[in-house]
Structures are given as C-alpha cells and as structure tokens.
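Counting from 1, the numbers follow the sequence of the chain as shown. A quick note: this is a predicted structure, and the numbers were derived from the prediction, not measured.
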Amino acid sequence: QVQLVESGGGLVQPGGSLRLSCAASGRTTTMAAWAWFRQVPGKEREFVASIAKSGGVPSYADYMKGRFVISGDNDNNILYLQLNNLKPEDTAVYYCAATAQFANWRVQSGFAFWGQGTQVTVSS
C-alpha cells in the first residue's frame with residue numbers, strides 16, 4: 001500500500017501561482033508512476049499531469065497549455081505540481097494518485113492509490 005497526502009492548496013487571485021505537494025509513504029519502492037487529477041462538484045475527475053516515478057518526460061492534459069509543471073523528488077518521495085497563471089476555471093479539488101502498474105497514466109483507472117485532495121480556489 002501507498003499513502004498519499006496532498007498540501008499547498010488555497011485561495012489565489014487570477015494570474016497567481018501555487019505549488020501543490022504530495023507526500024508518499026508506505027511501499028513507495030513499488031510505485032511506477034504518480035499523477036495529479038482534479039475535480040469540481042458535479043463533474044468527472046479529470047487528468048492534469050503524470051510522470052514516471054523514475055523521472056522522464058511528463059504527460060500533461062492539453063487544456064493546461066504549459067501553465068502547470070509536474071515534478072518529483074524521489075529522495076523524499078514528494079510529488080509537486082506548480083500551478084501558474086491560474087484562472088477561475090482551475091478552481092477544483094486537486095488529487096494526487098500513484099500506481100505500481102505500467103498502464104495508461106492519463107486515466108483514473110490507471111491509478112490504485114489516491115490522496116484526500118487539496119482545494120484550490122481561484123477568485124478575485
């Protein structure tokens with residue numbers, strides 16, 4: 001089992017930035033990849049970004065258009081998501097996810113372990 005705890009969410013004005021963190025514990029050596037998803041009430045949870053645990057080229061959702069950056073600190077088992085030029089439509093609960101499987105890392109079903117989420121609100 002892998003446990004994930006997100007932090008770093010909050011209220012930010014449009015155009016602002018936040019950095020989300022996800023601390024992993026447990027059987028982290030079994031992890032193949034981790035990712036960020038987000039969800040607004042009444043909508044499906046959607047993919048944001050993912051990256052292999054060993055590093056490599058990240059995968060991003062098209063709608064971000066280069067505004068977000070995912071990165072991992074393997075020494076400390078922390079996953080980050082840098083959110084830049086935030087827009088009101090980025091308001092959501094952001095979830096960290098992890099998997100031990102080499103599967104589709106752009107869909108929810110590809111991930112077995114989930115954090116509780118951190119709220120990001122973009123508003124003036």
Side-chain angles (χ1 to χ4, degrees):
Q1 293 290 327
V2 175
Q3 294 79 43
L4 303 169
V5 179
E6 303 96 333
S7 61
L11 173 64
V12 63
Q13 292 187 342
S17 298
L18 280 176
R19 189 175 79 159
L20 307 183
S21 300
C22 171
S25 60
R27 299 187 65 186
T28 58
T29 55
T30 67
M31 289 169 54
W34 42 4
W36 290 96
F37 287 76
R38 69 184 188 182
Q39 188 171 24
V40 298
K43 292 190 175 182
E44 293 281 327
R45 191 171 297 186
E46 64 178 0
F47 170 74
V48 177
S50 62
I51 190 168
K53 185 65 164 54
S54 59
V57 179
S59 178
Y60 292 99
D62 293 340
Y63 63 79
M64 290 189 298
K65 297 183 179 179
R67 296 185 296 122
F68 298 169
V69 179
I70 188 172
S71 62
D73 176 355
N74 282 336
D75 289 340
N76 296 297
N77 290 310
I78 300 175
L79 181 69
Y80 298 103
L81 184 67
Q82 178 69 39
L83 308 174
N84 299 315
N85 190 21
L86 283 161
K87 304 176 181 181
E89 52 265 40
D90 295 318
T91 295
V93 177
Y94 284 71
Y95 294 92
C96 177
T99 181
Q101 304 297 321
F102 288 87
N104 186 342
W105 295 340
R106 295 175 64 90
V107 297
Q108 290 188 65
S109 59
F111 294 87
F113 307 108
W114 293 84
Q116 293 300 306
T118 185
Q119 176 72 47
V120 172
T121 302
V122 184
S123 175
S124 55

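- Using modelled atom types, one side-chain atom of Y60 and one backbone atom of I70 make a donor-acceptor pair closer than 3.5 Å.
- For the atom pair CG of L4 and OG of S21, the computed distance is 12.5 Å after rounding to the nearest 0.5 Å.
- Both L86 and V69 are part of a single hydrophobic cluster, where members link through side-chain heavy atoms under 4.5 Å apart.
- Residues meeting the side-chain contact (heavy atoms from CB on, under 4.5 Å) test with D75, sequence neighbours left out: D73.
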Can you check side-chain contact (heavy atoms from CB on, under 4.5 Å) on S17 and V12, steps first, answer last? CA-CA 7 Å; S17 298; V12 63; over 6 Å; no

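- Atoms CD and CZ, from E46 and R38 in turn, are 4.5 Å apart once rounded to the nearest 0.5 Å.
- Between V48 and Y63 the shortest side-chain heavy-atom distance falls below 4.5 Å.
- The distance from the OG atom of S7 to the CD atom of Q116 is 13.5 Å, given to the nearest 0.5 Å.
- Linking ILVMFWY residues whenever their side-chain heavy atoms come closer than 4.5 Å, directly or via other members, leaves Y95 and V122 in distinct clusters.
- Between F111 and A35, the closest heavy-atom pair is CZ-CB, 3.5 Å.
- No option in Y94, W114, W105 other than W114 meets the ring pair (Phe, Tyr, Trp, His ring centres under 6.0 Å) test with F37.
- Distance alone, capped at 3.5 Å, places no donor-acceptor pair between the E6 side chain and the T118 backbone.
- Counting heavy atoms from C-beta on, the side chains of S50 and W34 never come closer than 4.5 Å.
- Separation of atoms CD (Q39) and CD (Q108) is listed at 7.0 Å; rounding is to 0.5 Å.
- A distance of 11.5 Å separates OG1 in T29 from CG in N74, rounded to the nearest 0.5 Å.
- Within the 4.5 Å cutoff, the side chain of F68 has heavy atoms near those of the D90 side chain.
- The closest side-chain heavy-atom distance from Q119 to T91 is below 4.5 Å.
- Residue K53 forms a side chain to side chain donor-acceptor pair (under 3.5 Å) with just one option from N77, T99, T28, and that option is N77.
- Here the closest heavy-atom approach between residue G56 and residue I51 is recorded as O-CD1, 3.9 Å.
- The minimum heavy-atom distance between S124 and P14, with the atom names listed, is N-CD, 3.7 Å.
- Crowding of E89 atom CD: a count of heavy atoms from other residues, nucleotides or ligands under 6.0 Å exceeding 12.
- More than 12 heavy atoms of other residues, nucleotides or ligands sit less than 6.0 Å from atom CD of Q3.
- In this structure, L83 is not a member of the same hydrophobic cluster as V93, with clusters built from ILVMFWY side-chain heavy atoms closer than 4.5 Å.
- Both L79 and L20 sit in one connected hydrophobic cluster of ILVMFWY residues. Membership requires side-chain heavy atoms under 4.5 Å apart, directly or through other members.
- Atom-to-atom distance recorded for S71:OG and R19:CZ is 7.0 Å, nearest 0.5 angstrom.
- Note: the hydrophobic cluster containing L81 also contains F113 (ILVMFWY, side chain heavy atoms under 4.5 Å, direct or indirect links).
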